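Keep in mind it's a predicted model, so treat the numbers as computed, not measured. When a residue number appears, it is its place in the shown sequence, counting from 1.
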Amino acid sequence: IRRPNPAATLTMTHLPVFLPPKSAAGYRAKVFRAARSLDLRLHRPPESLRTDALARIMRLAARAATRFLRPSRRGWVLSDYGVWMADRRGDLTFEFCRDGAYAPHFAEFLAAVDGPFLFLDVGASIGLYSLQALQNPNCSHAIAFEPVGETSAYLTKNLTGSGRTDWTVVPAAVGATTGETYMWVP
C-alpha cells in the first residue's frame with residue numbers, strides 16, 4: 001500500500017496503514033485483506049491526528065470491515081444500512097445504497113417508528129427506503145411506486161429478498177394528472 005499522505009494514517013495493532021484521502025474507497029479491500037490475514041483490529045489514532053479527512057477514512061474503513069465480516073449470500077450484498085440487496089455492481093444507485101452514501105437520518109427515523117404504519121415509497125428506485133421500512137416490525141405493508149420497467153424489476157427482486165411478503169410494487173408513476181409521458185433515464 002502506498003504512503004502518499006502520512007496525515008492519513010490508520011493505526012492498526014502493530015501495523016500502520018496509509019491511505020490517500022482521495023482514493024480511500026479503492027484501498028478498503030486491500031487494507032482489510034491485510035487486516036484479516038494478520039487478525040488485526042482498528043484503533044482510533046491520537047487526538048492530534050484526528051482530522052476531518054482522517055475521520056472520513058476511518059468511517060469508510062470501519063464500514064468495509066463491517067461488510068467484510070458480515071455473512072454473504074450468493075448474488076446478494078448486505079448494504080451499510082443493514083438490508084440485503086441483489087448484487088448489481090456497476091450501477092451507481094446500487095453502489096450508493098450499498099456503501100451508505102445517503103445520510104442515515106431517514107433510516108434512523110424508520111427504525112425508531114414504534115407504532116404500526118403503512119409505508120408508501122413514491123419513486124422507489126431500487127427500494128432502499130422500502131427495505132429499511134420493512135426491517136421495522138411495525139411496518140404493516142410497504143407500497144413502492146417505480147415507473148421505469150428495468151428499475152421496477154430490480155426493485156421487485158430486492159423486496160423479494162427481504163424475507164417479508166407484505167409489500168407491493170406498482171410499476172407506475174404518481175402525479176396530479178392521469179396520462180402518459182416519456183421519462184428520460186440516464
Side-chain angles (χ1 to χ4, degrees), residues 1 10 12-13 15 17 19 23-42 56-111 113 119-172 185-186:
I1 297 175
L10 292 179
M12 299 168 77
T13 308
L15 176 71
V17 178
L19 300 175
S23 61
Y27 286 87
R28 286 184 297 187
K30 290 180 184 178
V31 169
F32 287 96
R33 272 196 301 272
R36 187 185 78 184
S37 67
L38 298 173
D39 193 25
L40 304 174
R41 297 172 191 236
L42 285 171
R56 178 167 158 53
I57 291 169
M58 289 179 66
R59 281 193 307 275
L60 290 172
R63 282 186 200 153
T66 302
R67 188 167 40 256
F68 179 77
L69 298 173
R70 289 179 183 158
S72 62
R73 303 187 310 199
R74 178 176 225 122
W76 293 85
V77 174
L78 188 60
S79 77
D80 283 350
Y81 297 102
V83 296
W84 288 99
M85 303 182 83
D87 194 348
R88 195 170 172 175
R89 290 189 178 108
D91 179 271
L92 286 178
T93 303
F94 163 76
E95 296 194 10
F96 287 156
C97 292
R98 180 197 63 198
D99 294 338
Y102 301 111
H105 310 299
F106 195 63
E108 293 165 0
F109 169 77
L110 286 171
V113 176
F119 186 74
L120 299 176
D121 193 352
V122 178
S125 186
I126 63 174
L128 175 64
Y129 297 127
S130 292
L131 289 166
Q132 291 171 348
L134 289 170
Q135 281 189 319
N136 186 327
N138 293 315
C139 180
S140 61
H141 199 87
I143 302 173
F145 297 87
E146 176 52 51
V148 178
E150 182 182 343
T151 307
S152 181
Y154 185 56
L155 165 66
T156 302
K157 185 174 182 178
N158 279 336
L159 292 174
T160 301
S162 73
R164 290 190 52 177
T165 57
D166 47 355
W167 52 266
T168 305
V169 172
V170 180
V185 180

Looking at [X] and [Y], what are the two nearest heavy atoms and their distance?
X: Asn158; Y: Ala86; value: OD1-N, 2.7 Å
X: Ala107; Y: Tyr81; value: CB-CD2, 4.2 Å
X: Ser79; Y: Met85; value: CB-SD, 4.1 Å

Approximate separation, where rounding is to 0.5 Å, of [X] [atom1] and [Y] [atom2]:
X: Cys97; Y: Asp91; atom1: SG; atom2: CG; answer: 8.5 Å
X: His141; Y: Phe119; atom1: NE2; atom2: CZ; answer: 12.5 Å
X: Phe94; Y: Asp99; atom1: CZ; atom2: CG; answer: 8.0 Å
X: Leu110; Y: Asn138; atom1: CG; atom2: CG; answer: 11.5 Å
X: Ser152; Y: Ile126; atom1: OG; atom2: CD1; answer: 12.5 Å
X: Leu134; Y: Cys139; atom1: CG; atom2: SG; answer: 5.0 Å

Could you note down all residue pairs passing salt bridge (charged side-chain N to carboxylate O under 4.0 Å, His left out) where residues 153-162 supplies at least one of them, sequence neighbours left out?
-> none
Selection residues 133-143 - residue pairs positive for salt bridge (charged side-chain N to carboxylate O under 4.0 Å, His left out), sequence neighbours left out | none
For [X], side-chain hydrogen bond (donor to acceptor under 3.5 Å, both in side chains) partners two or more places apart:
X: Asp166; answer: Arg164
X: Asp121; answer: Ser130
X: Glu150; answer: Arg88

Gln132 (side chain) donor-acceptor with Phe106 (main chain) under 3.5 angstrom | no
Is a side-chain N or O of Asn136 found less than 3.5 angstrom from the main chain of Val113, in a donor-acceptor match?
-> yes
Counting only heavy atoms not in Phe109, do more than 12 fall under 6.0 Å of its CZ?
-> no
Which residues share a side-chain contact (heavy atoms from CB on, under 4.5 Å) with Val170, sequence neighbours left out = Ile143, Phe145, Thr168, Ala172
Relative to each other, are the rings of Tyr129 and Tyr102 parallel, tilted or perpendicular (30° and 60° limits)?
-> tilted
Determine, stepwise, if the pair Trp167 / Thr156 fulfils side-chain contact (heavy atoms from CB on, under 4.5 Å).
-> CA-CA 9 Å; Trp167 52 266; Thr156 302; 4.0 Å; yes
Do Arg89 and Val77 have side chains that get closer than 4.5 Å, going by heavy atoms?
-> yes
Decide yes or no for Leu155 and Thr151: does some side-chain heavy atom of the first lie under 4.5 Å from some side-chain heavy atom of the second?
-> no
